[in-house]
Amino acid sequence: MLPIDVAAHSSRWRGRHPLEKALLGFGLTVTAVCLPPWPGGPLVAAATLAVLLGPAGVPGRQLWRAFRVPLGFCVTGALPLMVSVGSPDGFLALAPDGPRHAAELLLRTSAASLGVLLFAFTTPVSDVLPRLVRAGVPAPVVDVALVMYRIGFLLLDSMAQVRRAQAARLGQTSRAAVWRSLAGLAATSFVRAFDRAARLQQGLAGRGYDGALRVLVPDAALSRRFLAGSAALLAALVAGTLVLKELWL
């Protein structure tokens, strides 16, 4: 399993209804996107970090390891806003208000990414997908998603086993050996993926699969206190952003 999935399965909020965590996490994401980037972005990011590191109990090191990937995409997407191509000042020049636009985009996207991570770090996929059928999503779509989710972990496990075997056989001692190992890893993983998928299909058929995967979904009641607290937090962020923006102007 990936570290974020391990953290989600062992989260303090594992027993809470996924809808509660979705409303809070995606509510913070929507708030970060809709509010003015300054001071809305820093406020939403600070509130989300406080929830992640506090009540949700996410370890800071795991959070940083997961956050640095979307943060890299946020920085990469913000940098082009700083320059203009084919302007009168030259083929490549600093865009008017480019640094400001880049900073605003970075604040908004990084804060929104933290909101998504809040949901991901507290809610396993296995708790969400079975409930989508009750929400009106067609059962075959959910079944395909569950199977692909399982096959993804099987493929990662196969790749890890092949890499360990290659390293034990000195397959990473030189650059040429590394390239040969990568080619062998791709070929072996491709074959093993089909083999694992075939065995998974045979296992489902042997268990009487009739077109619908029936799994046990743990009961979880919606907490009015949690929903009220989430709504109060979002309202406080909106009000605080608008007040600080007026004071800033």
Side-chain angles (χ1 to χ4, degrees), residues 1-75 104-132 134-135 145 149 153 215-245:
M1 297 179 67
L2 297 176
I4 193 170
D5 291 282
V6 176
H9 280 277
S10 59
S11 172
R12 295 178 185 173
W13 288 357
R14 171 67 192 278
R16 292 194 172 276
H17 198 285
L19 182 59
E20 298 176 359
K21 296 173 283 188
L23 292 176
L24 177 58
F26 295 124
L28 290 169
T29 300
V30 173
T31 303
V33 172
C34 297
L35 288 177
W38 179 263
L43 285 178
V44 175
T48 309
L49 284 174
V51 174
L52 279 166
L53 301 176
V58 178
R61 181 174 297 180
Q62 290 186 0
L63 177 60
W64 167 244
R65 288 179 179 177
F67 179 60
R68 62 187 179 183
V69 176
L71 181 61
F73 284 101
C74 296
V75 173
E104 290 177 350
L105 179 63
L106 182 60
L107 289 173
R108 181 170 284 168
T109 53
S110 58
S113 300
L114 285 173
V116 177
L117 287 177
L118 173 61
F119 181 74
F121 265 105
T122 57
T123 311
V125 177
S126 57
D127 288 352
V128 178
L129 291 179
R131 288 183 169 88
L132 293 180
R134 302 177 184 177
Y149 179 71
F153 284 108
V215 297
L216 293 176
V217 180
D219 294 331
L222 290 173
S223 173
R224 296 183 179 180
R225 181 178 300 179
F226 188 90
L227 294 176
S230 301
L233 175 61
L234 297 176
L237 289 173
V238 174
T241 300
L242 297 179
V243 171
L244 290 177
K245 184 176 177 60

What is the minimum heavy-atom distance between [X] and [Y], and which atoms define it?
{"X": "Thr122", "Y": "Ala56", "value": "CG2-CB, 4.0 Å"}
{"X": "Ala112", "Y": "Ala32", "value": "N-CB, 3.7 Å"}
{"X": "Ser110", "Y": "Cys74", "value": "N-SG, 3.8 Å"}

Item to check | Pairs where residues 25-52 contributes a residue and the test ring pair (Phe, Tyr, Trp, His ring centres under 6.0 Å) is met, not counting sequence neighbours | outcome: Phe26-Phe119, Trp38-Trp248

Item to check | salt bridge (charged side-chain N to carboxylate O under 4.0 Å, His left out) contacts touching residues 17-26 (sequence neighbours left out) | outcome: Arg16-Glu20

Next on the checklist: Tell me which pairs pass salt bridge (charged side-chain N to carboxylate O under 4.0 Å, His left out) where either residue lies in residues 39-60, with sequence neighbours left out.
Outcome noted: none

Item to check | Audit row: Leu35, Leu43, side-chain contact (heavy atoms from CB on, under 4.5 Å) steps and yes/no | outcome: CA-CA 10 Å; Leu35 288 177; Leu43 285 178; over 6 Å; no

Donor-acceptor contacts, no H, no angles, side chain residues 58-71, under 3.5 Å, sequence neighbours left out:
none

Checklist entry - Would you say the side chain of Pro42 lies within less than 4.5 Å of the side chain of Leu107, judging by non-hydrogen atoms? => result yes

Next on the checklist: To the nearest 0.5 Å, what is the distance between CG on Leu19 and CG on Leu24?
Outcome noted: 11.5 Å

Checklist entry - Just how far is it from atom OG1 of Thr123 to atom NE2 of His9, taken to the nearest 0.5 Å? => result 10.5 Å

Next on the checklist: Run the side chain to side chain contact (heavy atoms under 4.5 Å, CB included) test against Ala8 and tell me which residues pass, sequence neighbours left out.
Outcome noted: Pro124

Side-chain atoms of residues 223-243: list all donor-acceptor pairs with protein atoms under 3.5 Å, sequence neighbours left out, distances to 0.1 Å.
{"unit_1": "Ser223", "atom_1": "OG", "unit_2": "Phe226", "atom_2": "N", "d": "3.3"}
{"unit_1": "Ser230", "atom_1": "OG", "unit_2": "Phe226", "atom_2": "O", "d": "2.9"}
{"unit_1": "Thr241", "atom_1": "OG1", "unit_2": "Leu237", "atom_2": "O", "d": "2.7"}

Item to check | Flag, side chain of Arg108 to backbone of Gly40, donor-acceptor distance under 3.5 Å | outcome: no

